A.B. asks: 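What follows is a single structure, and I will ask about it in a moment.
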Amino acid sequence: MLDIAYIRANADLVKTGMQNKGEANTALVDRVLEVDEHWRTKVHEIDTLRSTSNARSKEIGKLMGQGRKEEAQAIMAETATSKEQINQLEEELAALAAERTDLLYRIPNVPHTSVPVGHTDEDNVIYATWGEPVQEQWRKPHWELAKTHQWIDFERGVKVSGAGFPFYLGSGARLQRALINFFLNTAAERGYTEIQAPYFVNEVSARGTGQIPDKEDMMYTVPRDGFFAIPTAEVPVTNFHRDEILELQSLPVKYCGYTPCWRREAGSYGKDVRGLNRLHQFDKVELVKFVHPDTSYDELESLREDAELLLQALELPYRTLLMCTGDMGFTQSKKYDLEVWSPGQQRWLEVSSCSNFEGFQARRMMVRYRDEHGKPQILHTLNGSGLALPRIVSALIETYQEESGRVRVPTVLKPYLGGAEYL
RNA sequence: GGAGAGAUGGCAGAGCGGUCGAAUGCGGCGGUCUUGAAAACCGUUGAGCCGAAAGGUUCCGGGGGUUCGAAUCCCUCUCUCUCCGCCA
């Protein structure tokens with residue numbers, strides 16, 4: 001959520017930001033300011049009442065201590081009315097605070113000034129490209145290769161769990177494990193601390209990173225125990241420091257974590273769900289940073305580079321998109337997507353999304369740092385995939401296939417696959 | 001899963017229903033002393049909210065209640081620890 005003080009001072013900026021993100025309901029901003037104004041008046045009122053009531057109680061205590069009972073009793077009589085008033089104000093205040101919070105939760109993050117204004121994915125800016133997309137017609141899509149080699153079993157996945165829950169077998173399984181290790185090792189070399197997170201989180205955590213209320217339908221739930229299956233490691237890892245104050249000199253704090261991710265993906269169909277393109281369960285290594293607000297945009301660039309270097313090391317052609325306002329999520333202020341080229345499908349596949357949330361998540365989660373004056377301040381959070389496995393696997397086997405059908409092992413992965421030349 | 005104990009500031013640990021946001025110790029920060037450091041001594045040291053400030057207010061695991069007044073009493077939930085059972 002945004003800082004109410006920021007909204008107060010920059011209402012127009014917030015509204016423009018909303019419109020640019022395709023959220024037309026800017027009345028939310030007016031409403032939250034109205035409620036906030038009302039709330040602050042009431043807070044002042046109740047604080048004043050409490051102040052006198054506290055003073056009376058103290059006086060009563062003092063008199064009782066001195067045995068001056070009648071005088072104490074006289075003051076007690078005065079308290080009755082103010083007590084009623086306080087109770088009533090408390091109720092009003094609670095209602096106002098609830099509405100205020102609810103409204104704040106529904107106002108999206110403001111896009112950074114460097115973000116291009118646009119409505120759809122067509123307005124995204126191609127920020128960079130690397131490598132030459134492979135065009136040969138003989139190249140097969142990954143699902144055919146995977147079937148031929150029995151690396152992935154989609155049918156049995158359907159039998160055992162459902163669509164979108166494939167089995168990986170033999171070299172297919174080993175390739176997954178190799179990629180995870182390669183990603184984690186590389187991240188560790190670049191200063192990220194490896195972290196293994198819980199796969200289920202509670203509701204407070206889901207709210208902290210913004211899955212609730214915006215995207216709760218994307219998550220699988222375990223209602224009996226109040227759990228949400230994580231849609232990304234971002235959720236547990238970012239919540240790792242919820243309600244904490246980090247020391248200035250510890251920043252930036254950087255984590256890399258591998259987890260499976262579960263997403264309901266309701267409403268997906270067609271070529272988008274073919275093969276490994278979109279699954280209900282997939283593996284991902286996630287990079288998460290907690291940084292000083294002054295450095296968060298530099299940190300976003302280095303986060304993007306960390307992810308891009310993995311693709312370069314795998315020698316997979318890709319392009320980097322700077323997402324336009326309309327194609328960004330609710331919680332982000334700036335986002336890059338990395339798309340890898342799939343020669344078998346002749347299309348780009350998103351494999352990473354690197355975002356700066358500024359204080360949007362940190363404010364909800366009360367993750368702060370202590371500034372040079374010792375005062376707690378909201379810090380900035382970022383995260384990016386480094387990387388998501390399934391589409392890397394698709395692009396990789398399609399890119400490294402030979403006309404015979406064999407698939408070479410990328411040089412960087414050889415140490416992870418016993419030095420083998422071919423999968 | 002069964003039985004018992006507990007949850008207080010960065011940590012440890014006090015706290016007959018009234019002047020307790022909370023003793024004390026450790027740690028942190030500032031200072032005195034010292035060539036420097038250590039030790040010793042002195043001071044300081046939780047967070048949220050309202051407020052330009054002065055100041056006010058809220059918070060002793062969460063929620064509710066009793067009371068003029070709750071860290072302290074009652075109810076409830078959650079979590080932790082010990083013992084038993086089960087178990088990768």
Side-chain angles (χ1 to χ4, degrees), chain A residues 1-9 32-105 196 198-208 212 222-228 236 239-251 253 260 290 359 361-379:
Chain A
M1 66 181 170
L2 294 171
D3 183 2
I4 184 68
Y6 176 84
I7 300 177
R8 241 182 260 145
V32 80
L33 288 175
E34 203 179 307
V35 173
D36 175 59
E37 190 60 42
H38 200 182
W39 176 83
R40 283 188 295 155
T41 315
K42 292 279 176 194
V43 163
H44 184 73
E45 252 178 77
I46 200 170
D47 279 359
T48 311
L49 280 172
R50 276 174 174 156
S51 178
T52 58
S53 146
N54 285 346
R56 279 176 182 150
S57 286
K58 261 182 192 170
E59 187 60 22
I60 291 169
K62 205 178 283 179
L63 292 171
M64 294 292 268
Q66 298 169 357
R68 294 153 71 181
K69 271 214 169 146
E70 291 87 58
E71 289 168 75
Q73 226 105 90
I75 299 175
M76 278 187 211
E78 291 175 30
T79 59
T81 54
S82 72
K83 201 187 169 192
E84 263 173 52
Q85 279 178 292
I86 288 174
N87 283 343
Q88 202 195 320
L89 271 174
E90 261 172 6
E91 271 175 45
E92 293 176 27
L93 210 48
L96 285 168
E99 186 178 359
R100 180 170 170 269
T101 309
D102 178 62
L103 289 163
L104 281 174
Y105 270 133
Q196 285 203 9
Y199 299 163
F200 294 146
V201 296
N202 57 32
E203 187 184 331
V204 181
S205 297
R207 199 168 278 283
I212 301 176
V222 187
R224 185 169 174 182
D225 299 288
F227 290 136
F228 295 84
N239 275 281
F240 184 68
H241 286 302
R242 170 150 52 81
D243 295 321
E244 291 183 16
I245 302 172
L246 307 181
E247 291 308 321
L248 183 63
Q249 61 271 20
S250 71
L251 301 181
V253 173
F290 299 84
Q361 295 181 325
R363 198 165 292 111
R364 285 189 189 195
M365 287 189 289
M366 286 297 276
V367 188
R368 294 171 290 171
Y369 71 99
R370 211 173 278 288
D371 69 16
E372 42 289 341
H373 307 294
K375 282 285 147 214
Q377 307 283 359
I378 296 292
L379 50 67

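We use all heavy atoms of the structure for the numbers below, so side chains are in, but hydrogens, waters and symmetry mates are not. Just so it is clear: chains get the letters A, B, ... in the order the sequence lines come, proteins before strands, and each one is counted from 1. This one's a predicted model, so the numbers in the text were calculated from it and none came from an experiment.
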A.B. asks: Taking pairing as Watson-Crick or G-U wobble with both contacts under 3.5 Å, can you name the mate of A22(B), or confirm there isn't one?
C.D. replies: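 Check on A22(B): unpaired, no WC or wobble geometry under 3.5 Å.
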
A.B. asks: Tell which nucleotide pairs with A14(B), taking only Watson-Crick or G-U wobble pairs whose two distances are both under 3.5 angstrom.
C.D. replies: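 Its partner is none (no Watson-Crick or G-U wobble pair with both distances under 3.5 Å).
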
A.B. asks: Going by the rule side chain to side chain donor-acceptor pair (under 3.5 Å), which residues pair with E92(A) if we only count those two or more places apart in sequence or in a different chain?
C.D. replies: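 Residues passing side chain to side chain donor-acceptor pair (under 3.5 Å) with E92(A): K42(A), Q88(A).
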
A.B. asks: What is the pairing partner of C83(B), taking Watson-Crick or G-U wobble pairs with both distances under 3.5 Å in any strand?
C.D. replies: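 Check on C83(B): paired to G2(B), both distances under 3.5 Å.
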
A.B. asks: Please work out which of the three classes, parallel, tilted or perpendicular, describes the rings of F290(A) and H241(A), given edges at 30° and 60°.
C.D. replies: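 Aromatic pair H241(A)/F290(A) classed perpendicular.
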
A.B. asks: Without decimals, in angstroms, what is the distance between E247(A) CD and G27(B) C1'?
C.D. replies: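 For the pair E247(A) CD and G27(B) C1', the rounded distance is 12 Å.
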
A.B. asks: Using the P atoms only, state how far C41(B) lies from U80(B), rounded to an integer number of Å.
C.D. replies: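 Result for the P pair: 41 Å, nearest Å.
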
A.B. asks: Please name the nucleotide paired to C73(B) by Watson-Crick or G-U wobble geometry with both distances under 3.5 Å, or report none.
C.D. replies: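 C73(B) is paired, partner G65(B).
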
A.B. asks: Rounding to a whole Å, what distance do you find between K375(A):NZ and C29(B):P?
C.D. replies: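 Checked: the NZ to P distance equals 17 Å.
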
A.B. asks: Rounding to an integer number of Å, can you tell me how far L246(A) CG sits from G10(B) P?
C.D. replies: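 Result: 14 Å.
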
A.B. asks: When you compare A7(B) with C11(B), how far apart are their C1' atoms, in angstrom units rounded to a whole number?
C.D. replies: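 Result for the C1' pair: 15 Å, nearest Å.
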
A.B. asks: Which pair of heavy atoms, one from R207(A) and one from R364(A), lies closest together, and at what distance?
C.D. replies: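 Scanning both residues, the minimum pair turns out to be O-NH1, 2.8 Å.
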
A.B. asks: Taking only N and O in the side chain of R368(A), is any of them less than 4.0 Å away from OP1 or OP2 of G46(B)?
C.D. replies: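 It does not, given that no N or O in the side chain of R368(A) lies less than 4.0 Å from OP1 or OP2 of G46(B).
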
A.B. asks: Given atom CG of D3(A) and atom P of G48(B), what is their separation to the nearest angstrom?
C.D. replies: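 Result: 13 Å.
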
A.B. asks: Measuring only the P atom in each nucleotide, how far is U76(B) from G28(B)? A whole number of Å is fine.
C.D. replies: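 Straight-line distance between the two P atoms is 44 Å.
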
A.B. asks: Evaluate R370(A) against L248(A) for side-chain contact (heavy atoms from CB on, under 4.5 Å), listing each step before the verdict.
C.D. replies: CA-CA 6 Å; R370(A) 211 173 278 288; L248(A) 183 63; 5.6 Å; no

A.B. asks: With rounding to whole Å, what would you report as the distance between G48(B) and G9(B) at their C1' atoms?
C.D. replies: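 To the nearest whole Å, 15 Å.
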
A.B. asks: When you compare C33(B) with G25(B), how far apart are their P atoms, in angstrom units rounded to a whole number?
C.D. replies: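 25 Å, rounded to whole Å.
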
A.B. asks: Can N202(A) and S205(A) be counted as having a side-chain donor-acceptor contact under 3.5 angstrom?
C.D. replies: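 Present: a donor and an acceptor within the cut-off.
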
A.B. asks: I'd like the P distance from C73(B) over to G17(B), given in whole Å.
C.D. replies: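 Going atom to atom, P in each nucleotide, I get 7 Å.
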
A.B. asks: Now, which nucleotide makes the Watson-Crick or G-U wobble pair with A52(B), with each of the two distances under 3.5 Å?
C.D. replies: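 By the stated definition (distances under 3.5 Å), nothing pairs with A52(B).
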
A.B. asks: Given that both distances must come in under 3.5 Å, which nucleotide forms a Watson-Crick or G-U wobble pair with U35(B)?
C.D. replies: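 Per the H-bond distance test, none.
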
A.B. asks: Please name the nucleotide paired to A7(B) by Watson-Crick or G-U wobble geometry with both distances under 3.5 Å, or report none.
C.D. replies: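 Base partner found: U78(B).
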
A.B. asks: Looking only at atom P, what distance separates U66(B) and A71(B), rounded to whole Å?
C.D. replies: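 Per the computed distance, 16 Å lies between those P atoms.
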
A.B. asks: Please give the nucleotide sitting opposite G30(B) as a Watson-Crick or G-U wobble pair, both distances under 3.5 Å, or none.
C.D. replies: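 Pairing partner, where one exists within any strand: C42(B).
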
A.B. asks: Generate the contact string for nucleotides 50-69 of chain B. Rules: B means base contact, S means sugar-phosphate contact only, - means no protein heavy atom under 4.0 Å.
C.D. replies: SS----BSS---------BS

A.B. asks: Shortest non-hydrogen contact from M365(A) to R242(A)?
C.D. replies: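 Closest approach of M365(A) to R242(A): O-CG, 3.4 Å.
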
A.B. asks: Between U24(B) and U8(B), how many Å separate the two C1' atoms, rounded to a whole number?
C.D. replies: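 Straight-line distance between the two C1' atoms is 14 Å.
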
A.B. asks: Check for a donor-acceptor pair, side chain of T79(A) on one end and backbone N or O of M76(A) on the other, with a separation under 3.5 Å.
C.D. replies: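 Yes; judged by distance alone, with no hydrogens or angles, the pair exists.
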
A.B. asks: What is the distance, to the nearest angstrom, from the CG atom on L248(A) to the P atom on C29(B)?
C.D. replies: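 It works out to 14 Å between those atoms.
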
A.B. asks: Shortest non-hydrogen contact from G359(A) to I378(A)?
C.D. replies: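 The answer is CA-CG2, 3.9 Å.
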
